[in-house]
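Note sheet for the following structure.
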Amino acid sequence: MKTVYACFTTDVIHEGHLNVIRTAQKYGRVMIGVMSDEAMVKFDRFPTLLCEERQELFRKLPEVDEVVVQNSVSYKENLLKYRPDYVIHGDNWQTNAQKVIRDEVVDILAEWGGQLIEVPYTRNEEVKRIDTKMREQLAMPEFRRKRLKQLLHLRPIVKALEVHSGITALIAEKTIVEHAGELDQFDAMWISSLCDSTAKGKPDIELVDMSSRMRTIDDVMDVSTKPIILDGDTGGLIEHFVYNVRTLERMGVSAVIIEDKTGLKKNSLFGTEVEQTQDSIENFCRKIQAGKNVQLSDDFMIIARIESLILEQGMEDALQRAFAYTKAGADGIMIHSRRKEPDEIFTFCDEFRKQDALTPIIVVPTSYNTVTEEELAQHGINIVIYANQLTRSAFPAMQNAAIDILKNHRAKEADDRCMSISAILNLIHEL
């Protein structure tokens with residue numbers, strides 16, 4: 001009997017999936033590939049069910065003869081292993097980001113005369129309702145809050161992109177690219193005080209208060225599902241910080257990063273060019289401990305940001321603080337640098353990892369931006385934050401469009417810089 005292979009990345013089996021499976025049954029023995037948790041995160045969405053639970057969904061179907069795990073977004077490994085006569089899939093992958101996966105499937109099947117079967121994608125109100133429900137469930141606080149910790153176990157390095165509004169959250173949520181035969185996307189979102197302040201036309205001196213910051217979080221959460229890491233600046237007074245921890249945890253934020261400085265906020269990339277005062281180790285540890293004491297779940301993370309290298313206090317001071325902060329309960333260490341090369345970051349990470357192999361390390365390669373994620377991971381770094389690129393790219397684009405209109409006294413010349421209205425409407429999903 002001929003074998004038909006289909007791969008799924010779903011937590012719920014609906015009419016569209018059953019249509020594919022029942023069509024497959026007409027051609028032969030049905031083998032279902034269930035994408036692994038790691039591959040699913042990279043490809044499409046975060047699973048709400050574990051891989052074994054998703055396998056069991058398909059094993060219960062009478063039309064299914066065998067269920068296997070697909071460990072990659074690419075079908076290549078399983079196709080070469082099982083050499084099916086047919087691969088079946090909905091026709092929705094002909095034009096979207098999955099087209100590169102489809103083309104690879106066609107090329108591999110051709111090696112032994114296999115065929116690709118494509119069935120019309122099922123579009124009806126019930127399927128739409130289930131897909132919407134699955135997406136909305138991922139956005140719920142109890143699912144979203146724990147996702148950053150889960151990602152740290154699933155991804156070699158977690159990629160977070162700066163967002164400061166609902167539309168930038170949609171960009172972080174929906175941008176998927178093909179690279180070396182695989183699909184890739186951002187894992188998390190970073191809400192920066194700099195970019196949040198800039199979007200409101202305010203200076204980055206903690207002038208935008210936490211209540212306003214929380215409105216930005218609400219805007220982001222309303223249209224996205226990815227975990228949120230919040231820039232908490234210094235955390236403020238300990239008495240205020242504990243209330244903010246409880247509120248952020250309840251909202252579904254995954255982590256807050258606080259920096260070990262005191263006084264009026266000045267952006268770290270100014271370094272010693274402006275007066276900046278580093279907090280004492282003892283006081284900052286008390287702040288971390290106070291925050292950890294009030295949180296109600298194990299999901300929420302308080303991450304300590306060390307400014308020693310920025311303020312030229314030396315590597316020894318940075319490491320001393322890192323070990324003290326983790327002992328006080330910090331769930332991660334962010335080490336910051338404004339140098340153009342990553343050497344001092346790598347030195348810190350290598351030395352830290354000699355004594356602590358588990359605590360997550362977070363970096364923000366704004367100034368040393370030639371370093372790759374692979375290089376960062378080789379030095380034990382777990383999270384990379386692209387902290388301000390959307391803000392910095394949006395400003396010149398908008399300014400140049402405004403200049404074009406003023407110069408030409410009409411809007412035509414600015415059109416080449418503009419996204420179409422239909423593309424914007426397609427980016428924003430409707431309930």
Side-chain angles (χ1 to χ4, degrees), residues 139 141 144 160-175 186 188-237 240-241 243-259 261-270 273-274 276 303 305 307 310 334 336 338 364 366-367 385-403 405-406 414 417-419 424 427-428:
R144 193 197 297 253
L161 180 68
E162 168 259 319
V163 302
H164 55 266
S165 62
I167 195 68
T168 54
L170 283 171
I171 291 170
E173 180 87 2
K174 295 190 173 187
T175 301
F186 292 102
M189 298 178 292
W190 164 250
I191 298 183
S192 151
S193 62
L194 165 65
C195 299
D196 202 4
S197 300
T198 301
K200 294 174 172 62
K202 305 291 186 183
D204 182 28
I205 55 173
E206 295 186 84
L207 181 62
V208 177
D209 64 17
M210 189 56 75
S211 296
S212 181
R213 303 286 310 282
M214 287 175 183
R215 286 196 290 275
T216 301
I217 295 171
D218 271 333
D219 289 343
V220 167
M221 286 185 160
D222 204 33
V223 298
S224 67
T225 66
K226 295 183 187 295
I228 292 171
I229 306 170
L230 179 73
D231 177 3
D233 290 323
T234 65
L237 297 173
H240 297 172
F241 180 59
Y243 280 100
N244 289 333
V245 165
R246 185 68 64 82
T247 301
L248 294 171
E249 182 184 27
R250 183 174 63 249
M251 292 177 75
V253 171
S254 295
V256 63
I257 297 182
I258 54 172
E259 59 191 85
K261 290 193 301 193
T262 62
L264 180 65
K265 164 72 182 292
K266 298 288 179 66
N267 191 281
S268 292
L269 294 182
F270 284 122
E273 295 170 18
V274 297
Q276 303 194 64
I303 296 169
R305 170 172 156 177
E307 296 289 285
I310 289 282
M334 177 176 155
H336 209 17
R338 66 189 187 115
V364 182
T366 301
S367 54
I385 297 176
Y386 297 101
N388 47 42
Q389 280 74 15
L390 292 191
T391 291
R392 289 163 54 209
S393 60
F395 183 84
M398 291 188 290
Q399 188 176 52
N400 286 332
I403 290 170
I405 293 170
L406 283 176
R417 304 182 187 276
C418 298
M419 188 177 188
I424 291 174
L427 183 65
I428 301 172

At their closest point, which heavy atom of [X] faces which heavy atom of [Y], and how far apart are they?
X: Ile303; Y: Met334; result: CG2-N, 3.9 Å
X: Val223; Y: Asp219; result: CG2-O, 3.7 Å
X: Val208; Y: Ser197; result: CG2-OG, 3.8 Å

Quick one: does [X]'s side chain get under 4.5 Å of [Y]'s, heavy atoms only?
X: Thr391; Y: Leu194; value: no
X: Lys226; Y: Val163; value: no
X: Met221; Y: Pro141; value: no
X: Met189; Y: Thr168; value: no
X: Val256; Y: Asn244; value: no
X: Arg392; Y: Thr198; value: no
X: Thr216; Y: Lys200; value: yes
X: Ile191; Y: Leu230; value: yes

With Ala401, which residues qualify under side chain to side chain contact (heavy atoms under 4.5 Å, CB included), at least two apart? Ala414, Arg417

Looking at [atom1] of [X] and [atom2] of [Y], how far apart are the two atoms once the value is rounded to the nearest 0.5 Å?
X: Leu390; Y: Ser165; atom1: CG; atom2: OG; value: 8.5 Å
X: Arg250; Y: Thr247; atom1: CZ; atom2: OG1; value: 4.5 Å
X: Ile167; Y: Ile424; atom1: CD1; atom2: CD1; value: 6.5 Å
X: Asp233; Y: Ile258; atom1: CG; atom2: CD1; value: 10.5 Å
X: Glu162; Y: Asn388; atom1: CD; atom2: CG; value: 6.5 Å

Donor-acceptor contact below 3.5 Å, side chain Arg305 vs main chain Asp231: no

Does the Ser224 side chain pair with the main chain of Ala139, one donor and one acceptor, at a distance under 3.5 Å? no

Stepwise side chain to side chain contact (heavy atoms under 4.5 Å, CB included) check, Arg338 with Thr366: CA-CA 8 Å; Arg338 66 189 187 115; Thr366 301; over 6 Å; no

